Amino acid sequence: MKIAIASDHAGFDQKPAMIEYLEGLGHEVEDFGPAAPERCDYADFADPVARAVAAGKADRGVLICGTGIGMALTADKVAGIRASVIQTPEFAHLFREHNNGNVLCISGRFTSFDVNKQIVDEFLETEFAGGRHAVRVEKIMREDDPAFEGVAE
Ligand code: RB5
């Protein structure tokens, strides 16, 4: 799989080890930065990763910041992206199985690297279940369409 990855300063420490782990699993990883641990703004790194996934240049995205929250808020605003903060392998499994998530946002400050590896495993190995979940995901994605006027009351 082609995986786009990035962090901010708070996720920087886990990023090289995560890249090495992903490459060890046989994935092709593109690092969207940062290149150094200086303080930076997560949105500047979530954006190119989300756009790479939305454009089909990467199959999935992995973003690491302090909590994962800022990364998820940013990435999910890009059309075509389903991004979420994930703190447990179980949630990672359901994020794929039910929500067809394509950008995983994890915490470099509150989740250990060992748990983040398990989360990434679930994120990459779990298939979307489709069926009733596909109908629901289609309803999520209509929010990307500027012409969608909302669910009538
Ligand atoms: C940086 O201090 C921190 O705000 C950031 O890494 C992230 O947790 C934001 O959601």
Side-chain angles (χ1 to χ4, degrees), residues 1-25 27-126 128 133 136-146 148 150:
M1 221 180 265
K2 280 183 88 171
I3 299 169
I5 193 168
S7 72
D8 69 356
H9 54 287
F12 187 81
D13 284 353
Q14 287 200 17
K15 185 167 61 103
M18 187 58 79
I19 291 171
E20 193 180 332
Y21 180 64
L22 291 167
E23 288 178 340
L25 293 174
H27 299 291
E28 186 185 329
V29 184
E30 186 172 358
D31 183 2
F32 284 79
E38 278 72 43
R39 191 174 303 161
C40 59
D41 299 331
Y42 49 78
D44 291 336
F45 298 92
D47 171 76
V49 164
R51 286 174 187 267
V53 173
K57 293 176 186 159
D59 301 304
R60 303 273 171 82
V62 174
L63 295 167
I64 317 170
C65 69
T67 57
I69 295 170
M71 291 294 201
L73 290 171
T74 308
D76 201 63
K77 288 194 182 299
V78 174
I81 294 305
R82 291 172 297 282
S84 183
V85 182
I86 299 294
Q87 291 169 294
T88 69
E90 293 80 7
F91 271 44
H93 187 87
L94 291 168
F95 178 49
R96 286 289 312 137
E97 190 175 82
H98 288 195
N99 311 116
N100 200 13
N102 53 12
V103 175
L104 176 75
C105 304
I106 51 180
S107 166
R109 282 184 176 154
F110 298 95
T111 310
S112 69
F113 181 64
D114 188 52
V115 171
N116 275 336
K117 279 195 297 185
Q118 296 171 46
I119 287 171
V120 162
D121 286 345
E122 289 291 341
F123 176 62
L124 297 176
E125 288 167 13
T126 308
F128 178 47
H133 299 295
R136 292 166 186 164
V137 170
E138 278 169 26
K139 288 186 175 183
I140 295 173
M141 301 319 287
R142 65 191 172 180
E143 303 289 348
D144 278 348
D145 180 359
F148 178 58

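Counting starts at 1 for both ligands and their atoms, following the listed order. All of these numbers come straight from a predicted model, not from anything done at the bench. Count residues from 1 along the sequence.
The distance criterion of under 3.5 Å between nitrogen or oxygen atoms is met by Gly70 with respect to ligand 1. Where the criterion is an N or O separation shorter than 3.5 Å, residue side chain and backbone included, Thr67 meets it with respect to ligand 1. For ligand 1, the polar-atom distance check finds an N/O of Gly66 within less than 3.5 Å of one of the ligand's N/O atoms.
In Cys65, the parts holding a heavy atom less than 4.0 Å from any atom of ligand 1 are both the side chain and the backbone. At a heavy-atom distance under 4.0 Å, no atom of Met71 approaches ligand 1.
The aromatic rings of Tyr21 and Phe113 stand perpendicular to each other, their planes meeting at an angle above 60°, with 30° marking the opposite boundary.
When Glu90, His98, Arg96 are each tested for a side chain to side chain contact (heavy atoms under 4.5 Å, CB included) with Leu94, only one passes: His98.
A donor-acceptor contact shorter than 3.5 Å is absent between the side chain of Arg60 and the backbone of Lys2.
Of the protein's non-hydrogen atoms, the one nearest atom 4 (O) of ligand 1 is Tyr42 CE2, 4.4 Å. Scanning the protein heavy atoms around atom 5 (C) of ligand 1, the nearest turns out to be Asp8 OD2, 3.3 Å. Among all protein heavy atoms, the one lying closest to atom 2 (O) of ligand 1 is Arg109 NH1, 3.4 Å.
Counting atoms of ligand 1 from 1 in the listed order, those under 4.0 Å from a heavy atom of Ala10 are 6 (O).
With contacts defined as side-chain heavy-atom distances shorter than 4.5 Å, the pair Ile86/Glu122 does not qualify. Between Phe110 and Thr67 the shortest side-chain heavy-atom distance falls below 4.5 Å.
Ala46 and Ala75 make their closest contact through CB-N, 4.3 Å (heavy atoms, listed as atom of the first residue, atom of the second, distance). Scanning all heavy atoms of the two residues, the minimum distance from Thr74 to Gly70 falls at OG1-O, 2.8 Å.
Between His9 and ligand 1 there is a heavy-atom distance shorter than 4.0 Å.
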